[in-house]
Trainee: 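Below are the C-alpha cells for one structure; questions will follow.
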Amino acid sequence: MFTFQKTTARVRRGQLETAHGVIETPFFMPIATKGAVKTMSSSDMKKLGAQILLSNTYHLLLRPGLESMCELGGLHRFMNWNGPILTDSGGYQVFSLSKMNKTTEEGVTFQSHIDGARVNLTPELSMQMQTAIGSDIVMQFDDVAAGDSSRERYKEAMERSLRWARRCKLEFVLLRATSGSEAISADERKGIASSPAAPRNDTLLFGIVQGGTHEDLRERSARGLMEIGFDGYAIGGLSVGEKREEAYRIVKRVCEILPQDKPRYFMGGGMPEEIVAYVQMGVDMFDCVLPTRNARHGTLFVWNQDPSTIDWSIYQEPRPDTLFYDRLRVTNESLATDQSPLDPYCDCETCTTSSRAYLRHLFGVQELLALRLATIHNLHFYLTLMRFLREWISKAA
RNA sequence: GGAUCGGUGGUGUAGCCCGGUUAACACGUCUCCCUGUCACGGAGAAGAUCGCGGGUUCGAAUCCCGUCCGAUCCG
C-alpha cells in the first residue's frame, strides 16, 4: 500500500507499507549485495537510520544458494535485519558481468565468478529465490542494454523485459497460490526448488521500465507493465553510460506515464544532485553504490553549505552551475595534517570523532577502520539528504 | 692489513658476462575515476645524471684503473 501527498505538479511525499514496516518516501536504499552493507553490521545500519536495504538475488543464489536460504528462514533472520528488504532480480548482473554470460529467451546462463559453475537464471528462478530470501519488494527479472546501445538492442531488451515481466508476475502469483497447498507439485514449478517458500500476501512486486533513451520505447514498456499490473514501477537501464540529459528527459517522460498511486523507483542512481532532480520529477525510491563504493575508494561526499537551508528547486537541471556538496578526496596529501572535521555540517559518528588527517592516515596504513568510517559518513550523507528532501517537500505541501 | 661479494628512483630488484634509441619491473607516493557492487578496484603521472673520480671508446649502468661505503671471510 502506497499513500502520498502530492505537493507541486510532480513532487511526492508519502509512505510505503511493506511486510516489515512503513517507509517514508522518498527514500534511499543502502546496498547489501551479499547480505551485508560492506563494512557495516545490521545494527550499524539501524543506527544510521536506514529504512530499507537492497540485496541481490544473483549473489545470494550463488552463495548461500536457494535451498540454504529456505533452510535459513530468509535473509531478515539470517542477517538480523528486521526492516524491509528489496532484492534486485539479478537482471543487472547480466549487464555488469556480460563477459561471463549468455542471454536467451528462456533466461540467462551465467558462468559463476566464484567457481566457474554454470548457473541458469530465469524469471521463474529469480522469483523463487527472491521469495526464499523473503524479500519485501521483489523486482522482476529484466534485460538491461548498455548506455550506448543501438535502437534495436534497446528495443530487444525492452520487449524481452516485458515478456519476462509477464512470466515473473505469473510465477509470483503461482508461488503465492501454492503456499501450503498440494494443488501444484514442486515438479510443476519446473523442479528447481524442493521447497521454495511462498511470498507473503503483503510482498510487493515491481516491474521495470526499459527502452534506453527512446521515449516511444519507454512509453511502450511502461504501458505494457501497467497492463500486467505491478505494485510499483522501476525505471531501469539508466546511468549505464548514456548522457545525463538523456536520463533526465526519460525519467521526466516515464513519470508522466506511470500511475500516480504506485511508488516509482529509479534503479542504480545516482549522484546526490541527480537524486534531488529525480525526486522533483516524482521518483520515490533510489539505490546506488556510489556512497559505499566511493567511501571505500577514499572519496567522501561533504556538504559545502548548511543543508537545512538549501532551496532544492534549483537542482532540476542536469548540469546546475553549483552543487550543494563537494567530493573530498580523503587520501590527498594536502590533508596530511588537517585536523579539521571531514564535514563541518555533518554530525555522523565519523565526523564527530575523526579528523581529516586521521582518516587519511587510516587509509594510508590500510586500516580497515578507514573503510568503515568513510562508509558511515557517506551513507549518513545520502540518508540525511533524503531526510532534508522529505522535510522540504512536507513544508511545501 | 688482505680476500670476496655488493652499492641502480622512497624501498626491493632487473639490466652488467656479450658496451648502442627517452635505464625496466614490483611495491610505495601523487592525481583523477567509480551510478540496480565479481573487485580495499580502475586509469594516469611524478620520481634515478646507475656510490664517487678518472680512463678506453664514435658511444659506458655495462669494460679498465683508482677511491669511498656496506656485508662476509682470512689474519
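Just so we're on the same page: letters track the sequence lines, and every chain starts at 1. Computation of the quantities below employed the complete heavy-atom set of this structure, encompassing side-chain atoms and omitting hydrogens, waters and symmetry-equivalent molecules.
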Trainee: Kindly compute the distance separating CD (A:Gln51) from NE2 (A:His20), expressed to the nearest 0.5 Å.
Mentor: 15.5 Å
Trainee: Could you point out which residue of A:Tyr382, A:Tyr325, A:Phe381, A:Tyr345 forms a ring pair (Phe, Tyr, Trp, His ring centres under 6.0 Å) with A:Trp303?
Mentor: A:Phe381
Trainee: Please report the interatomic distance CG(A:Leu258) to CG(A:Leu225), rounded to the nearest 0.5 Å.
Mentor: 8.5 Å
Trainee: When you measure from the side chain of A:Glu274 to the backbone N and O of A:Met271, does any donor-acceptor pair fall under 3.5 Å?
Mentor: yes
Trainee: Work out how far the P atom of B:A14 is from that of B:G9, and round it to whole angstrom.
Mentor: 13 Å
Trainee: Could you work out the separation of B:U56 and B:C65 based on their P atoms and round it to a whole Å?
Mentor: 15 Å
Trainee: Between A:Thr213 and A:Glu242, is any side-chain donor less than 3.5 angstrom from a side-chain acceptor?
Mentor: no
Trainee: Distance check, C1' atoms only: B:U67 and B:U22, in whole angstrom units.
Mentor: 32 Å
Trainee: Would you call the rings of A:Tyr278 and A:Phe286 parallel, tilted or perpendicular, where under 30° means parallel and over 60° means perpendicular?
Mentor: parallel
Trainee: Heavy atom of residues 231-244 of chain A under 4.0 Å from RNA chain B: which residues?
Mentor: A:Gly237, A:Ser239, A:Arg244
Trainee: Could you go over nucleotides 44-47 of chain B and give all protein N or O partners under 3.5 Å, atom names and distances?
Mentor:
none

Trainee: With rounding to the closest Å, how many angstrom separate the P atoms on B:G12 and B:G20?
Mentor: 26 Å
Trainee: Which of the following nucleotides, B:C38, B:C30, B:C40, is nearest to the side chain of A:Arg360?
Mentor: B:C30
Trainee: Of all the nucleotides listed (B:G36, B:C38, B:C34), which has the minimum atom distance to the side chain of A:Asn294?
Mentor: B:C34
Trainee: Please answer whether the main-chain N or O of A:Leu323 pairs with a side-chain N or O of A:Asn304 as donor and acceptor at a distance below 3.5 Å.
Mentor: yes
Trainee: Give the residues of residues 324-334 of chain A touching RNA chain B, defined as any heavy atom closer than 4.0 Å, sorted by residue number.
Mentor: A:Arg327, A:Arg329, A:Thr331, A:Asn332, A:Glu333
Trainee: Decide yes or no, distance alone: a donor-acceptor N/O pair under 3.5 angstrom between the base of B:C34 and the side-chain of A:His297.
Mentor: yes
Trainee: Can you find an N or O donor on one side and an acceptor on the other, under 3.5 Å apart, linking the side chain of A:Thr299 with the base of B:C34?
Mentor: yes
Trainee: Answer with base, sugar-phosphate or nothing: what part of the nucleic acid does A:Lys34 contact at a heavy-atom distance below 4.0 Å?
Mentor: sugar-phosphate
Trainee: Do any pairs count as a side-chain hydrogen bond (donor to acceptor under 3.5 Å, both in side chains) and have a residue in residues 290-302 of chain A, sequence neighbours left out, and if so which ones?
Mentor: none
Trainee: How would you list, by chain and number, every residue that makes a ring-ring contact (aromatic ring centres under 6.0 Å, His included) with A:Tyr358, sequence neighbours excluded?
Mentor: none
Trainee: A:Arg293 side chain N/O closer than 4.0 Å to the phosphate oxygens (OP1, OP2) of B:U35?
Mentor: yes
Trainee: Distance from A:Asn56 atom CG to A:Ile133 atom CD1, nearest 0.5 Å?
Mentor: 8.0 Å
Trainee: To the nearest 0.5 Å, tell me how far A:Leu238 CG sits from A:Ile250 CD1.
Mentor: 7.0 Å
Trainee: Got a donor-acceptor pair under 3.5 Å from the side chain of A:Asn56 to the base of B:G36?
Mentor: no
Trainee: The side chain of A:Tyr265 is closest to which nucleotide in this list: B:G36, B:U35, B:C34?
Mentor: B:G36
Trainee: In Å and rounded to the nearest 0.5 Å, what is the OH to CG distance from A:Tyr265 to A:Asp284?
Mentor: 12.5 Å
Trainee: In dot-bracket notation, what is the pairing pattern of RNA chain B, taking Watson-Crick (N1-N3 plus N6-O4 or O6-N4) and G-U wobble (N1-O2 and O6-N3) contacts under 3.5 Å, with [ ] crossing and | for other strands?
Mentor: ((((((((.[[[[.)....(...]]]].(((((.......))))).....[[[[[..)....]]]]]))))))).
Trainee: Say you pick atom P in B:G55 and the same atom in B:A61; how far apart are they, in whole Å?
Mentor: 15 Å
Trainee: Are A:Arg220 and A:Lys155 close enough that some pair of their side-chain heavy atoms sits under 4.5 Å apart?
Mentor: no
Trainee: Answer yes if the side chains of A:Ser394 and A:Arg13 hold a donor-acceptor pair under 3.5 Å, and no otherwise.
Mentor: yes
Trainee: Say you pick atom C1' in B:U72 and the same atom in B:U29; how far apart are they, in whole Å?
Mentor: 35 Å
